[in-house]
Number of protein chains: 2
Amino acid sequence: MMSLESVPPKYAQLVQTLQRRIEAGDYPPGTLLPSENQLIQEFSVSRPTVVAALRVLREQGWIESQQGKGRFVRGRPAMASVEQKRPGQAYLTTPENDTTGDVVEVGAVTAPNRVGVLLDVSPKSKVFVRRRLIVRDAEPTELVSLWLPLDLSGGTDLTSGEPLRQGLREHLQARKGVRFDHIVEQITARMPSADEARQLGMPKNIPLLAVFGAVRDASGRPLAVVEVLLPANRHELEDAYPIT
Amino acid sequence: MMSLESVPPKYAQLVQTLQRRIEAGDYPPGTLLPSENQLIQEFSVSRPTVVAALRVLREQGWIESQQGKGRFVRGRPAMASVEQKRPGQAYLTTPENDTTGDVVEVGAVTAPNRVGVLLDVSPKSKVFVRRRLIVRDAEPTELVSLWLPLDLSGGTDLTSGEPLRQGLREHLQARKGVRFDHIVEQITARMPSADEARQLGMPKNIPLLAVFGAVRDASGRPLAVVEVLLPANRHELEDAYPIT
DNA sequence: AGCCGACAGGTTGTTTTACCAAGTTTGAGA
DNA sequence: TCTCAAACTTGGTAAAACAACCTGTCGGCT
């Protein structure tokens with residue numbers, strides 16, 4: 001008889017144990033990790049299990065291995081401590097209830113130049129747009145626009161001015177059977193229009209960070225475009241990536 | 001006797017073969033990949049070898065696996081086709097010979113506020129700065145600044161106004177024994193100063209994209225800061241990332 | 001004495017064989 | 001029609017062997 005609650009596989013347990021020891025200082029950075037044979041003896045597991053655990057640690061950046069010498073401790077990967085604040089991504093998964101804001105525009109318009117290119121539709125054709133003004137701490141902070149091809153906006157709850165209870169990702173995935181895969185992001189800066197400056201409550205003489213996120217499926221077909229407008233005096237974008 | 005040129009391991013060869021078949025349309029997206037046993041028979045390898053190859057393909061996004069059903073073809077990951085144009089990264093590896101540009105400032109100055117924070121030095125302390133104006137197609141396009149703590153700038157060739165023959169990364173790694181690991185990037189927008197507008201040959205009424213890249217080692221210790229200033233009318237940043 | 005090569009013993013990398021567990025589908029039989 | 005067992009799939013563990021690589025030591029040679 002097996003226990004009903006699922007236990008994590010052995011190699012995953014080993015990963016956790018070694019991570020804890022590195023963080024606790026038992027294996028200081030720069031030193032050699034115990035060899036495979038030593039780990040096999042200490043934990044009473046087979047070599048493939050040890051190797052699987054060490055492979056995970058290497059791919060996550062905790063250690064680096066050198067054939068013939070051993071595995072060197074690098075320490076907790078600093079990458080992991082930098083939270084990924086990709087703008088635009090949050091608006092695809094978070095239900096609109098979680099952020100306060102008003103829908104300021106909903107309907108079909110002729111696609112702006114850049115949006116048309118990102119959605120891969122013919123120039124001057126109509127697309128669906130849904131624009132929201134995000135409010136934080138009782139102050140307007142971001143202007144978020146969602147563009148969709150017309151064939152993806154039909155039959156959804158997006159055409160109403162009500163906030164969505166579901167995340168946008170689940171909504172489209174359930175209604176239309178499309179699967180979001182990745183985002184191609186373009187970042188530019190420009191001066192705000194008079195309308196934008198008024199809506200965002202910002203001076204007209206400071207620039208705007210404009211983030212365009214083209215949402216695609218695994219084959220690269222564009223599904224949607226998210227535009228996020230951030231007043232540059234109150235927001236900046238942060239990201240982290242390894243050096244290749 | 002063995003051949004002297006090293007052959008790639010079997011599982012890597014299998015990865016390449018399957019990638020080519022997916023791209024050629026032999027395994028169309030959405031369909032099931034041949035099962036492990038079928039691949040074992042066709043290629044006359046053992047199961048762990050097949051599993052190792054399929055694991056690589058899954059981690060790279062070519063396929064996705066589902067226990068009990070099989071492995072589904074997703075197609076060439078569109079992520080890979082988007083070239084990663086991380087600003088700042090190029091200036092760390094490319095020799096300065098490859099880009100035309102003049103060194104416009106070299107020396108020790110009091111650290112600007114943001115740079116001091118990123119380098120983790122006490123406020124108002126001195127840091128080394130090396131500023132270059134990049135020229136493309138006979139026009140100034142980018143203003144790149146490199147900040148270093150004083151203890152890292154001593155004994156290097158950076159203090160001269162001559163362009164470096166080596167990449168900055170190799171230069172510091174050889175001279176100082178530090179290892180670049182990752183970059184934490186901040187992106188903001190602001191109006192150019194009169195000096196910057198003049199040097200970049202841009203109008204004073206369009207904004208500037210400012211990218212700050214804090215270079216760190218594996219433990220998170222800051223090693224350098226790269227600032228890239230881009231006129232927003234001529235440049236934008238592009239990036240791609242998967243949806244989690 | 002000093003230098004250099006061979007060799008032994010350690011390490012990780014790759015491949016094979018074998019078995020069991022867990023999830024899904026299918027079809028035979030009640 | 002419904003149930004359930006069999007036959008598929010992928011996921012995980014164990015044991016063994018060989019190859020490639022590094023680092024010492026122990027020679028012999030200059």
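Lettering of chains follows the sequences in order, A, B, ..., and the numbering in each one begins at 1.
Under a cut-off of 6.0 angstrom, the local environment of CD in B/Gln41 is sparse, with at most 12 non-hydrogen atoms contributed by other residues, nucleotides or ligands. Heavy-atom contacts from other residues, nucleotides or ligands closer than 6.0 Å to CZ of B/Arg221 number 12 or fewer. In the displayed structure, B/Glu23 atom CD is contacted under 6.0 Å by more than 12 heavy atoms of other residues, nucleotides or ligands.
For B/Lys10, a side-chain nitrogen or oxygen approaches OP1 or OP2 of C/dT16 to under 4.0 Å. For B/Asn37, no side-chain nitrogen or oxygen approaches OP1 or OP2 of D/dC8 to under 4.0 Å. Between D/dG12 and A/Tyr11, a contact under 4.0 Å exists linking OP1 or OP2 to a side-chain N or O. The phosphate of C/dT25 (OP1 or OP2) has a side-chain N or O of B/Lys69 nearer than 4.0 angstrom.
For the pair B/Arg114 and B/Phe212, the cation-pi test (distance below 6.0 Å, angle within 45°) is passed.
Protein atom CG of B/Leu14 is 13 Å distant from nucleotide atom C1' of C/dT15, rounded to whole Å. Per the geometry, CZ belonging to B/Phe43 stands 13 Å off P belonging to C/dT16, to the nearest Å. For B/Leu39 and C/dT15, the CG to P distance is 15 Å, given to the nearest whole Å. Residue B/Gln67 contributes atom CD, which lies 6 Å from atom P of C/dG23 at whole-angstrom precision. In this structure, CD of B/Glu36 is placed 15 Å from P of C/dT17, rounded to the nearest angstrom. To the nearest angstrom, P of D/dA14 lies 10 Å from CD1 of A/Ile40. Remark: P of C/dG10 and CG of A/Leu33 are 19 Å apart, rounded to the nearest angstrom. When the C1' atom of D/dC21 is taken as reference, atom CZ of A/Phe72 falls 13 Å away, rounded to whole Å.
The pair A/Glu42-A/Arg21 meets the salt-bridge criterion, since a charged nitrogen lies less than 4.0 angstrom from a carboxylate oxygen.
One distance of note links CZ of A/Arg216 with NE2 of A/His182; it measures 5.0 Å at 0.5 Å rounding.
Residues A/Gly68 and A/Ala12 each lie close to DNA chain D; by heavy-atom proximity, the contact nearer the 5' end of the strand is made by A/Ala12.
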Using a 3.5 Å cut-off and no angle test, enumerate the donor-acceptor pairs between side-chain atoms of residues 29-39 of chain B and protein atoms at least two apart in sequence or in another chain.
residue	atom	partner	partner atom	Å
B/Thr31	OG1	B/Pro28	O	2.5
B/Ser35	OG	B/Gln38	N	3.4
B/Glu36	OE1	B/Arg47	NE	2.5
B/Glu36	OE1	B/Arg47	NH2	3.1
B/Glu36	OE2	B/Arg71	NH1	3.0
B/Gln38	OE1	B/Ser35	N	2.8

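DNA chain D lies under 4.0 Å from at least one heavy atom of each of the following residues of residues 46-66 of chain A: A/Ser46, A/Arg47, A/Pro48, A/Thr49.
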